[in-house]
Student: 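Below you will find the structure I want to go over with you.
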Amino acid sequence: MKKNDIEELSYEDAFAQMEEILRKLENGNIKLDESLELYEKGIKLYRRCNLILENAQLKITQFDENQEEKEVE
């Protein structure tokens, strides 16, 4: 999976992939090289999920501010 592919994932898909990576890493039956690759991918997926959540929080904050301005008018 390329970086651009990760950037297109929904929160739910990225989170599901992170869970799968975590299961594989916890199992411990993989080679070091594969563990490192999975770890790197997991970090990218984590960042994707975090970005989506930050954007959602920003939208909520902006909506709340707009609602407050309308109430003042």
Student: Between R48 and L9, is there a donor-acceptor pair closer than 3.5 Å when you use the side chain of the first and the backbone of the second?
Tutor: yes
Student: Just how far is it from atom CG of N50 to atom CG of L53, taken to the nearest 0.5 Å?
Tutor: 6.5 Å
Student: Any chance you could lay out the side chain to side chain donor-acceptor pair (under 3.5 Å) test for S10 and D13, step after step, and finish with the verdict?
Tutor: CA-CA 5 Å; S10 68; D13 291 338; 3.3 Å; yes
Student: With a 4.5 Å cut-off on side-chain heavy atoms, are Q62 and L58 touching?
Tutor: yes
Student: Mind checking what makes side-chain hydrogen bond (donor to acceptor under 3.5 Å, both in side chains) contact with E12, not counting sequence neighbours?
Tutor: none
Student: Could you measure the distance from the CD1 atom of I6 to the CG atom of L51? Nearest 0.5 Å is fine.
Tutor: 12.5 Å
Student: Going from OG1 on T61 to CG on N66, what distance comes out if it is rounded to the nearest 0.5 angstrom?
Tutor: 11.0 Å
Student: At what distance, to the nearest 0.5 angstrom, does CG of L22 lie from CD of Q17?
Tutor: 13.5 Å
Student: Taking ring-ring contact (aromatic ring centres under 6.0 Å, His included) as the definition, give me every residue that meets it alongside Y11, ordered by chain and number, with sequence neighbours left out.
Tutor: F15
Student: Is it true that K31 and E34 have a side-chain N and a carboxylate O under 4.0 angstrom from each other?
Tutor: no
Student: Does one hydrophobic cluster hold both L25 and M18, with members joined at side-chain heavy-atom distances below 4.5 Å?
Tutor: yes
Student: Going through the checks in order, is the side-chain contact (heavy atoms from CB on, under 4.5 Å) test met by R23 and E19?
Tutor: CA-CA 6 Å; R23 279 192 285 278; E19 287 182 316; 4.0 Å; yes
Student: Find the distance between CG (L38) and CD1 (I30) and round it off to the nearest 0.5 Å.
Tutor: 5.0 Å
Student: First locate atom CG of L45, then atom CD of E20, and finally report the distance between them rounded to the nearest 0.5 Å.
Tutor: 11.5 Å
